[in-house]
Amino acid sequence: MGVILQFSSSLQQGRLIKRYKRFLADVIPKGAAAEASLTLHCPNTGKMTGCAEPGWTVYFSVSDNAKRKYPHTWELVENHQGEVICVNTARANQLVAEALSLRQIPQLAQYGEIKPEVRYGSENSRIDFLLRQTGEPDCYVEVKSVTLLDDKEQGQGYFPDTRSERAQKHVRELIQCVQNGQRAVLLFCVLHTGITRISPADHLDPVYGALIRDALAAGVECLAWRADISPRGMQLVQELPFHVSGQDSSIS
């Protein structure tokens, strides 16, 4: 399959110096002298564990918006193993939106109407996508970007990468959707080419892990799809197994 999410401009390459203040990163552009560093906007609020080591190759886009203080945006990073990671968390929803519109996710291909960012739930949330089709229950799809790879267990990815009350809230909202007779899907968009399977990060957020188990028991569906990633663009290409330890809930 061809690339379905292309970057709006050709990505430039550099070498990471450091990430700091959550939203900034300094890099040395390819071919530039060490003193000619450039500050990028980092569109990622997470810890970015295993995604921001000094010396790694980074790829960044350039905006033509003259009002932006930092016109360069960090998009991708390549680790020393040659694995590519998309650190721009906004790309997960863009990628899933393209895949839904082209009906490339088989479990969700029957829905013809796709509404993004719809308010729902008792905790004042916005669902990433509300899917509708005549004769089908409404389907609430929450997308999570997965980039945390276990450095000791090959291919094992986790979500979240730190304790997240927001992620906990979203699981509770999805459970409520199922209890109200609707369909609810938690879609893990895997933006790390080294990840081959997914689990909740019980060791980082045990509350989230417990909620995932409650959600599965209630009927919330957990799907995981991995993207092929390159400086040209990205595409969801492979469903990955989602496994919760302690119960027979592996999904592939």
Least distance between heavy atoms, Ala227 atom then Leu191 atom: CB-CD2, 3.9 Å
Asp64, CG atom: more than 12 neighbouring heavy atoms under 6.0 Å: no
Joint hydrophobic cluster, Val84 plus Val77, side-chain heavy atoms closer than 4.5 Å: no
Enclosure of Arg172 CZ (heavy-atom neighbours >12, cutoff 6.0 Å): yes
Salt-bridge present (Arg226, Asp228; N to O < 4.0 Å): yes
ILVMFWY cluster, Leu211 and Tyr120 together (side-chain gap under 4.5 Å): yes
Arg197/Glu153 salt bridge by N-O under 4.0 Å criterion: yes
Ile212 CD1 to Cys222 SG distance, which is reported to the nearest 0.5 Å: 4.5 Å
Cluster link Val96 to Ile229, ILVMFWY, side chain under 4.5 Å: yes
Test: Lys115 and Asp138 ion pair at under 4.0 Å: no
Listed pairs under 3.5 Å, donor-acceptor, residues 32-48 side chains, sequence neighbours left out:
| unit_1 | atom_1 | unit_2 | atom_2 | d |
| --- | --- | --- | --- | --- |
| Thr39 | OG1 | Asp26 | OD1 | 2.9 |
| Asn44 | OD1 | Gly46 | N | 2.8 |
| Asn44 | ND2 | Val87 | O | 2.9 |

Pair up each side-chain donor or acceptor in residues 53-62 with any protein partner under 3.5 Å, not counting sequence neighbours, and list the distances.
| unit_1 | atom_1 | unit_2 | atom_2 | d |
| --- | --- | --- | --- | --- |
| Trp56 | NE1 | His80 | NE2 | 3.4 |
| Ser61 | OG | Glu75 | OE2 | 2.9 |

Cluster link Val118 to Leu186, ILVMFWY, side chain under 4.5 Å: yes
Whether Phe188 and Phe242 hold their rings parallel, tilted or perpendicular, with breakpoints at 30° and 60°: parallel
Distance (rounded to the nearest 0.5 Å) between Thr193 OG1 and Leu76 CG: 10.0 Å
Side chain to side chain contact (heavy atoms under 4.5 Å, CB included) involving Ile195 - partner list, sequence neighbours excluded: Val146, Leu149, Val190, His192, Ile198, Leu240
Reported OG-to-CG distance for the pair Ser145 and Leu95, which is rounded to 0.5 angstrom: 10.0 Å
Any Leu223 side-chain heavy atom under 4.5 Å of Val185 side chain: yes
Under 3.5 Å: donor-acceptor pair, side chain of Arg126, backbone of Glu117: yes
Side chains of Glu123 and Gln176, donor plus acceptor under 3.5 Å: no
Residue pair Trp74 / Arg19, side-chain heavy-atom distance below 4.5 Å: yes
Separation of Asn93 CG from Asp128 CG (nearest 0.5 Å): 4.0 Å
Shortest non-hydrogen separation from Gly112 to Arg103 and the atoms involved: CA-NH2, 3.2 Å
Cluster overlap Val143 with Met234, hydrophobic side-chain contacts below 4.5 Å: yes
Gln154 CD: over 12 foreign heavy atoms closer than 6.0 Å: no
Glu165 atom CD: more than 12 heavy-atom contacts under 6.0 Å: no
